[in-house]
Peer 1: 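Please read through the structure below; I'll follow up with questions.
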Amino acid sequence: MTNDAALMDEDTMSLADYLSRGGKLTSPDNVPPRYRGELLRLMSSFVDSELAGSAGFADAINWAPGLKERIAASRITLEKVDHAERVLDLMSDFGTDKALYNKAHTWSARQPRDSHVDPRRQGGDMRLSVFHYPLESWTDAVVMNALMGLATVHQLEEQCLTSYQPLGEVFREILPRERRHMELGLEGLERIAKDETQREDARTSIGYWMPRVAETFGPAQSARFERLRQLGLRHKDNETMRFAWQADADARLAGLGLA
Amino acid sequence: MARFHSLEVTDIRRDTRDAVVVTLKPDDADNGAFDFTQGQYLTFRRMFDGEELRRSYSICAGKDEGCLKVGIKRVEGGAFSTWANENLKVGDRLEAMTPMGRFFTELQPDAARNYLGFAGGSGITPVLSIVKTVLAREPESTFTLIYANRQTSSIMFREELEDLKNLYLGRLSLIHILETETQDIDLFTGRIDQEKMEMLFRLWIDAENVDMAFICGPEPMMLTIADSLRKHGLTDDQIRFELFASSQPGRAKTKASSKSAAAAAGTCQVSVTLDGTTRNFQMEKDGTSVLDAAISNSMDAPFSCKAGVCSTCRAKVIEGEVEMEVNHALEDYEVRAGYVLSCQCLPVSDKVVISYDE
């Protein structure tokens with residue numbers, strides 16, 4: 001990278017054109033201001049969701065019915081923080097104070113179970129709204145982890161195409177591990193579905209979490225999506241994404257006899 | 001927070017008519033901090049006419065050369081590059097941040113990979129560092145470099161690349177594409193466009209065997225190359241871009257500050273620009289931040305932590321006076337240039353003009 005450098009006059013092109021044609025940006029030094037704001041916002045939403053998700057899931061470790069489940073829950077709790085840190089490292093390149101960031105919010109804080117949290121971000125904590133709702137049991141935690149895990153996989157697959165290359169690289173590293181978290185959720189759900197009483201509890205939890213996870217894909221009509229698409233920070237619209245996740249989730253639950 | 005270190009200029013070599021290669025030596029205590037990875041860059045700062053200017057230049061040395069070198073090409077009207085080309089001398093000291101950037105992949109000494117590099121003009125600097133390091137540290141790997149320039153006389157590192165070709169016989173293929181000079185092979189004359197890429201793939205590059213591609217040059221060239229690489233089956237994680245920072249906004253103007261109005265309480269007339277649209281509203285000087293006021297006036301201003309930590313809400317004060325309660329994210333030079341964290345920003349004067357677009 002070289003500042004001040006242009007090869008030939010006719011080689012200049014507006015950044016908007018470059019991004020809309022699939023160009024990548026590679027460092028804080030070459031992102032324009034509005035892009036910077038949107039990118040940091042996207043990254044902090046991811047970081048906050050991972051930190052809040054991990055903090056909420058920590059309880060599940062002690063609800064785990066067996067050692068295998070305890071290990072799975074511990075692993076998910078650990079790795080989500082690691083994923084948050086990787087993206088936080090990229091934010092640090094823009095000036096974010098990493099140490100203070102961790103202390104900025106109470107990541108384990110939750111709203112009452114029956115409250116309705118506006119899916120638009122509230123206050124300074126940028127976690128997705130689904131992470132404001134509390135988990136209440138092992139079965140509940142497994143259901144939430146499977147459904148939200150699947151949503152995360154769909155969302156990360158799209159985000160791997162992001163125009164900010166360093167973030168795309170981090171997401172490509174993270175994706176297989178997040179996919180594994182989702183699979184651990186499905187494996188747990190498979191065991192739960194074999195027991196008649198637990199199966200009913202699982203159905204209740206699915207009824208609770210399904211609409212809340214669906215909301216994490218954002219509003220069907222979104223001016224923000226259009227802006228992010230022009231910047232190459234988003235590619236598939238919210239409704240298409242939500243529809244694909246819903247179909248995927250329905251098929252997997254049907255396979256477990258939980259539809 | 002980023003810190004600058006002082007480096008000594010130990011050598012300056014003129015490479016082409018308008019480019020120099022500068023060798024730098026950190027103080028002994030900083031040696032570890034300047035242990036770079038191939039493909040990274042250094043950010044320098046220097047005062048020009050009382051204003052701090054920062055410029056980044058890629059390291060062109062390989063990992064095993066035991067020194068830090070950057071290539072600086074003079075650009076018309078570029079204060080730093082002109083100064084470096086005309087006035088910098090051995091023994092001078094330059095201030096630089098430690099190496100940054102992610103234009104590299106992990107090397108494995110026992111891997112036998114085929115790398116493909118595309119460089120346009122001074123975009124060669126980080127690619128050269130990668131070429132040298134790969135050839136030295138992955139003895140089984142090969143590198144094909146396609147290097148576009150206007151004419152022979154403007155080719156940076158021409159001799160060094162020839163030497164590398166001879167040193168690593170059979171492992172480095174070098175193709176020069178010259179825009180305005182006729183060569184023996186027609187394919188190598190002109191600009192890199194879709195058609196030329198097709199011919200390169202047909203005749204010179206076996207896309208199926210390429211493990212990793214690096215591209216550094218002007219934006220349109222990078223797009224053309226990336227499109228073509230994808231068409232030939234390379235995935236996004238096999239294509240690494242490094243963008244010139246040419247699109248970086250120009251020098252920050254000194255902030256205009258009207259000292260006349262400094263009422264402690266009352267209302268403030270605020271004007272906020274976001275995405276090219278300016279909205280005016282009044283806000284109370286009651287401890288409400290400019291960000292919150294903008295949001296409550298239905299503006300979709302960017303923010304995240306609201307605690308002065310993350311810097312998502314950075315904006316520039318164009319006119320008026322504000323006070324920033326907490327700042328953990330902006331550096332001194334940004335503050336001097338008029339940038340604020342709008343979540344921590346309370347109006348002091350009776351009129352404030354702020355922009356998120358600068």
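Note on naming: letters A, B, ... go to the chains in the order of the sequence lines (proteins, then strands), and numbering restarts at 1 for each one. Keep in mind that what you see is a predicted model, and the values were worked out from it rather than measured. FYI, side chains are in, hydrogens and waters are out, and symmetry mates aren't considered; it's all heavy atoms of this structure.
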Peer 1: Do the non-hydrogen side-chain atoms of B:His328 and A:Tyr101 ever get within less than 4.5 Å of each other?
Peer 2: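 With C-beta onward as the side chain, the pair stays apart.
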Peer 1: From A:Ser14 OG over to B:Glu219 CD, what is the distance, rounded to the nearest 0.5 angstrom?
Peer 2: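 Reported to 0.5 Å precision, the distance equals 9.0 Å.
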Peer 1: Within the 4.5 Å heavy-atom criterion, are B:Asp300 and A:Arg224 side-chain neighbours or not?
Peer 2: yes
Peer 1: What I'd like to find out is whether the side chain of A:Arg227 reaches to under 4.5 Å of the side chain of B:Asp275, using heavy atoms alone.
Peer 2: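 Side-chain contact under 4.5 Å: yes.
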Peer 1: Using side-chain heavy atoms (C-beta onward) and a distance below 4.5 Å, is B:Leu274 in contact with A:Arg34?
Peer 2: yes
Peer 1: Looking at OG1 of A:Thr26 and CZ of B:Arg240, how far apart are the two atoms once the value is rounded to the nearest 0.5 Å?
Peer 2: 10.0 Å
Peer 1: What closest approach, in Å, do B:Thr312 and A:Ser44 show between heavy atoms, and which atom pair accounts for it?
Peer 2: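 Between these two residues, the closest heavy atoms are OG1-OG, 4.4 Å.
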Peer 1: So which residue, B:Ala226, B:Gly101, B:Pro302, ends up with the most heavy-atom pairs under 4.5 Å with chain A?
Peer 2: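 With the most close heavy-atom pairs to chain A, the winner is B:Pro302.
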Peer 1: For A:Arg21 and B:Leu223, which heavy atoms make the closest approach, and how far apart are they?
Peer 2: O-CD2, 3.7 Å
Peer 1: Within a strict 4.5 Å, meaning less than it, do heavy atoms of the A:Asp93 and B:Arg102 side chains meet?
Peer 2: yes
Peer 1: State whether the side chain of A:Arg36 and the backbone N or O of B:Ser311 hold a donor-acceptor pair below 3.5 Å, judged by distance alone.
Peer 2: yes
Peer 1: Would you mind telling me which of A:Met43, A:Glu169, A:Lys98, A:Glu38 has the largest number of heavy-atom pairs within less than 4.5 Å of chain B?
Peer 2: A:Glu169
Peer 1: So for atom CD, which belongs to B:Glu86, do other residues, nucleotides or ligands contribute more than 12 heavy atoms lying within a distance under 6.0 Å?
Peer 2: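 More than 12 within 6.0 Å, yes.
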Peer 1: Is B:Arg230 in contact with chain A via its backbone, its side chain, both, or neither, using a 4.5 Å heavy-atom distance?
Peer 2: side chain
Peer 1: What's the shortest heavy-atom distance between A:Tyr18 and B:Met222, and which atoms?
Peer 2: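 In this case the closest contact between A:Tyr18 and B:Met222 is OH-CE, 3.3 Å.
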Peer 1: Is any side-chain heavy atom of B:Tyr356 closer than 4.5 Å to one of A:Pro33?
Peer 2: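 A side-chain contact under 4.5 Å is absent here.
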Peer 1: Indicate the atoms forming the closest heavy-atom contact of B:Cys310 with A:Thr96, along with that distance.
Peer 2: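 Heavy atoms only, the tightest pair is O-OG1, 2.6 Å.
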Peer 1: Under a 3.5 Å distance rule, please check whether A:Gln165 uses its side chain to pair with a backbone N or O of B:Phe241 as donor and acceptor.
Peer 2: yes
Peer 1: Name the region of A:Arg41, side chain, backbone, both or neither, that has any atom closer than 4.5 Å to a heavy atom of chain B.
Peer 2: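 Both parts, backbone and side chain.
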